[in-house]
Amino acid sequence: MSDREERVEALADQAPEATTKDTLIARIAHRTARVGVIGMGYVGLPLAVAFARAGFTVSGIDLDAAKCAEVNAGRSYITDVPSSDLAPLVQEGRLHATDDYGVLAEMDVVTICVPTPLGKAKDPDISYILRAAEALGQYVHTGMLVVLESTTYPGTTEEVLLPRLVRNGCQVGEDVFLAFSPERVDPGNTRYSTHNTPKVVGGVTPACLEVATALYSAAVEHVVPVSSPAVAEMTKILENTFRAVNIGLVNELAVICRSLDIDVWEVIRAASTKPFGFMPFYPGPGLGGHCIPIDPLYLTWKMRGMGMQTRFIELADRVNSSMPLYVVNRVAEALNDDAKPVRGSRILVLGVAYKADIDDLRESPALTIIDELRRRGARVTYNDPHIPTMRLGRDEVLESVQLTKDTLDWADCVLVHTAHSAYDWEWVARYARLVFDTRSVMWQVKGSARIVAL
Ligand SMILES: NC(=O)c1ccc[n+]([C@@H]2O[C@H](COP(=O)([O-])OP(=O)(O)OC[C@H]3O[C@@H](n4cnc5c(N)ncnc54)[C@H](O)[C@@H]3O)[C@@H](O)[C@H]2O)c1
């Protein structure tokens, strides 16, 4: 008899009249429920750690065997999860990782945290969800809760996941439970982690919501139940659309202010003194990461299929996508003022991650900026304390150069792309000749460098 069968039998002996839902909620309350997390990346690993810390025994399932080996060695590859948090959980047997889906047969709860990128035509690529669902489908059993955490368009949980998971006469809400709970983790944020960020949850039925709420209440401080998976899916899209649109607005204002010879950063600082009704957003070299540039376009695709437009999203996408090229043109102008053409100029990019203090290069505007500068004949190097190498195109790999007086002196232009806190901007301004500052890190800095702000 397997572990699972023994546990189910023991529970049946204890409470023969209990419903499947009650039994699962009791197992969650007693932390005897086994939790599986599919996809151990930026979202899945912190979540697995949060469940393990809450007292559950957790299995991470990832197709990447190298990641599984790192987890099982107690070594974290995610900056927000220190190895000192991970290693004791692994040693105590609370958390392990595997690339074998067979382990799901033993799970009571499974969360899905796989990527949801865009395809070439900026359409949703939900193939990772489909693959995970097909594999999980073989192991779904009575008394299992499945929660999708990957960001996606409204309707995915019920239209795509439900038919793949709940088969063979099983009833959702009675035999198996299905919910959507958007992941809100903010990599690099030292104040808010998985544990203290409120968790929105929408169940396919009230019983699904009840079980999913019981699960997250065990591991996070505050759970926000909503009436359906679609509401939870749309909540995440609203949050990220809100950011994409506001960043698009302020990026456009940055371009406008430049034409009016007004310092947009000063304008934002002044507007931020208003104690109500204003929330500052900042311009920059463009959007990056696996969320803000991508998630809103999931809704665009969905609405296009219904003959409707998402005008704010599409406009923000156009403005934000134009920023890397705008930066390249402004760098060219700054070099021109020094009587230098882009071709042959030496450019040092400081920070290539899409935002400060993280090691994530996905969708980073630095990729487009470096590519375009090189296409125009510039000699480009970069430094990033969090990203030792970066791949350009298919085959080329750039290595982060050391940041020294000599490297600063070598550069005709230092392009500040990411405001990592490890950088000493005074020191950069002292030894650089020309700094193009896309993040306004130099606004109070004194030094001999000529500073040009975005
Ligand atoms: N990164 C963020 O800041 C963030 C924040 C909120 C929400 N999200 C959302 O969370 C989801 C996951 O994003 P992420 O940043 O963690 O991605 P990630 O690429 O860091 O991690 C995904 C992991 O899933 C694994 N994987 C892919 N397909 C699999 C499969 N079929 N079975 C098992 N493992 C599989 C990959 O090997 C990878 O380790 C996405 O939908 C994303 O939009 C991400």
Side-chain angles (χ1 to χ4, degrees), residues 36-50 59-72 76-81 97-104 107 110-119 124-139 146-154 156-157 160-161 164-165 180-189 192-194 197-200 220 232-233 235-244 287-299 353-364:
V37 176
I38 301 181
M40 293 287 277
Y42 285 93
V43 163
L45 183 60
L47 186 69
V49 166
S59 300
I61 299 96
D62 203 295
L63 298 178
D64 185 340
K67 275 188 183 162
C68 297
E70 287 299 285
V71 170
N72 293 334
S76 173
Y77 42 83
I78 301 287
T79 320
D80 292 342
V81 177
T98 175
D99 58 0
D100 176 9
Y101 264 87
V103 75
L104 291 171
M107 298 297 126
V110 178
T111 65
I112 304 175
C113 308
V114 296
T116 43
L118 291 173
D125 172 4
I126 61 163
S127 60
Y128 296 88
I129 295 183
L130 293 178
R131 190 169 171 194
E134 290 303 339
L136 171 60
Q138 301 168 47
Y139 301 103
V146 177
V147 187
L148 178 62
E149 294 228 4
S150 300
T151 309
T152 182
Y153 56 82
T156 310
T157 306
V160 177
L161 214 48
R164 285 174 171 79
L165 296 184
F180 181 83
S181 179
E183 183 50 64
R184 290 165 147 176
V185 71
D186 180 20
N189 191 327
Y192 290 106
S193 62
T194 304
T197 304
K199 199 93 176 80
V200 172
V220 305
E233 289 159 340
T235 302
K236 177 71 186 177
I237 299 279
L238 168 62
E239 290 166 9
N240 284 357
T241 299
F242 172 80
R243 286 192 63 73
L287 287 184
H290 186 39
C291 294
I292 315 287
I294 293 174
D295 304 345
L297 295 172
Y298 267 60
L299 184 64
Y354 78 87
K355 70 172 182 173
D357 298 335
I358 62 164
D359 61 358
D360 195 346
L361 192 61
R362 289 177 296 177
E363 316 291 327
S364 175

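These figures come from a predicted structure and were not determined experimentally. Whatever order the structure lists ligands and atoms in, that order sets their numbers, starting from 1.
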*Arg243: partners by salt bridge (charged side-chain N to carboxylate O under 4.0 Å, His left out), with sequence neighbours left out*: none
_According to ring pair (Phe, Tyr, Trp, His ring centres under 6.0 Å), who are the partners of Tyr153, at least two apart in sequence or on a separate chain?_
Trp301
_Listed partners of Arg131 passing side-chain hydrogen bond (donor to acceptor under 3.5 Å, both in side chains), at least two apart_ = none
*State plainly whether the residues Lys236 and Glu149 are in salt-bridge range, i.e. N to O under 4.0 Å.*
no
_Assess the residue pair Glu70 and Ser76 against the criterion (side-chain hydrogen bond (donor to acceptor under 3.5 Å, both in side chains)); give the C-alpha distance rounded to whole Å, side-chain angles, the decisive distance to 0.1 Å, and a yes or no._
CA-CA 7 Å; Glu70 287 299 285; Ser76 173; over 6 Å; no
*asked:* Pair Ile38, Val110 - check side-chain contact (heavy atoms from CB on, under 4.5 Å), show working.
replied: CA-CA 7 Å; Ile38 301 181; Val110 178; 3.7 Å; yes
*For ligand 1, what is the set of protein residues having any non-hydrogen atom at a distance below 4.0 Å?*
Ile38, Gly39, Met40, Gly41, Tyr42, Val43, Ile61, Asp62, Leu63, Asp64, Lys67, Tyr101, Cys113, Val114, Pro115, Thr116, Tyr128, Ala132, Ser150, Thr151, Glu183, Val185, Pro187, Lys236, His290, Cys291, Arg362
